[in-house]
2 protein chains.
Amino acid sequence: MEKMRFDDIDVRILGLLQDNGRMTNVELAERVGLTAPPCLRRVRALELQGAINGYHAALDPGALGYNLTVFAMVSLKSQAESDLRAFEALVATIPEVRECHMLNGEIDFILKIVAPDLQSFQQILTTKLTTAPNVEHVKTSLTIRTSKALPGVPVPEM
Amino acid sequence: MEKMRFDDIDVRILGLLQDNGRMTNVELAERVGLTAPPCLRRVRALELQGAINGYHAALDPGALGYNLTVFAMVSLKSQAESDLRAFEALVATIPEVRECHMLNGEIDFILKIVAPDLQSFQQILTTKLTTAPNVEHVKTSLTIRTSKALPGVPVPEM
DNA sequence: GTTGAAATTTACCCCAT
DNA sequence: ATGGGGTAAATTTCAAC
């Protein structure tokens with residue numbers, strides 16, 4: 001993977017596709033001031049470089065029955081690298097865990113977990129997380145409501 | 001907005017588009033066992049109903065210079081609804097705050113914040129968050145690494 | 001850029017209920 | 001009559017040259 005160096009047009013392409021991942025290449029090209037073919041070449045290059053990792057529809061979680069979002073703050077007994085990796089490997093196998101971030105400070109990991117309801121969540125928590133080896137403490141907080149959920153990162157408007 | 005009732009085909013469409021938001025409608029139609037036109041009608045209906053909220057390219061944050069992800073746990077002095085709304089309105093104006101979830105328990109909000117570096121983050125934190133009215137306490141944790149970051153929710157395979 | 005191939009979109013028809 | 005799927009044709013987009 002090569003070093004990524006982007007000019008202004010690349011940045012605008014990234015911003016536009018983050019905002020609307022289904023924008024047609026023709027519209028994208030117009031917006032950034034190119035004709036379609038070079039614009040598409042840039043998009044493909046950005047994908048190959050890994051600047052664009054994929055495209056995803058943003059679903060309403062409730063539409064698929066996931067009415068509960070929970071944040072779990074996990075502390076481990078051992079923070080040896082192999083133990084950290086083992087925990088990450090564990091959460092990778094739990095589909096309801098959508099995100100796993102390793103943090104500094106007393107809390108080792110924060111997980112974002114979705115579940116249909118409180119019962120399902122408690123089931124996942126007690127059978128898969130709190131009983132896992134090396135897990136010292138799990139503190140969970142239910143999401144009451146989400147007021148902001150933007151994708152990715154801010155993009156400079158130009 | 002009407003009540004959402006989905007059959008198996010709708011669920012499969014949602015799952016496939018969450019996984020690949022740029023899948024062509026003809027491929028999508030093949031995968032779910034329809035021809036293109038009725039498939040597209042279903043997609044448009046799902047968009048209108050709000051089951052699909054949008055499509056986004058997943059960018060590598062580092063590509064745009066955002067090398068730091070931070071979680072901020074915020075406690076307010078007053079949890080009156082108007083004060084909660086006021087805080088949500090404040091964070092809505094800060095582009096680096098990508099997510100804002102209201103939680104139960106002592107922590108009122110968890111924010112996901114991105115920044116180019118620690119200096120920029122401290123600047124945002126001290127000028128926009130900790131000094132805001134009604135903010136009692138902000139505890140921040142830096143992300144060391146992110147081992148899992150899946151979009152949306154699990155989708156039943158069929 | 002240009003052009004052939006492919007995808008999208010609209011309109012219309014059919015079938016089932 | 002209504003709703004969902006299929007067929008066909010026009011337009012747009014894609015991708016190779």
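In what follows, chains carry the letters A, B, and so on, assigned in the order in which the sequence lines appear, proteins first and then strands, with residues in each chain numbered from 1. This is a predicted model, so every value here is computed, not measured.
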- Non-neighbouring partners of A:Glu27 that pass salt bridge (charged side-chain N to carboxylate O under 4.0 Å, His left out), sequence neighbours left out: A:Arg31
- Note on the structure: Sequence neighbours excluded, the answer for salt bridge (charged side-chain N to carboxylate O under 4.0 Å, His left out) partners of A:Glu88 is A:Arg85, B:Arg145
Atom [atom1] of [X] and atom [atom2] of [N]: how far apart are they, to the nearest Å?
X       : N     : atom1 : atom2 : value
B:Ile9  : D:dG5 : CD1   : P     : 6 Å
B:Glu30 : C:dA6 : CD    : P     : 12 Å
B:Leu34 : D:dG3 : CG    : C1'   : 14 Å

- Remaining members of hydrophobic cluster (4.5 Å side-chain criterion), B:Phe71: A:Phe71, A:Met73, A:Leu103, A:Ile107, A:Ile110, B:Met73, B:Leu103, B:Ile107, B:Ile110
- Query: For residues 115-135 of chain B, which residue pairs qualify under side-chain hydrogen bond (donor to acceptor under 3.5 Å, both in side chains), counting only residues two or more places apart or in two chains?
  - Reply: B:Asp117-B:Ser120
- Item | Inter- and intrachain pairs under side-chain hydrogen bond (donor to acceptor under 3.5 Å, both in side chains), touching residues 8-23 of chain B, at least two apart | B:Asp10-B:Arg42
- Task: Let me have a per-nucleotide readout for nucleotides 7-17 of chain D, 5' to 3', with B, S or -, counting only protein heavy atoms under 4.0 Å.
- Result: BB----SSS--
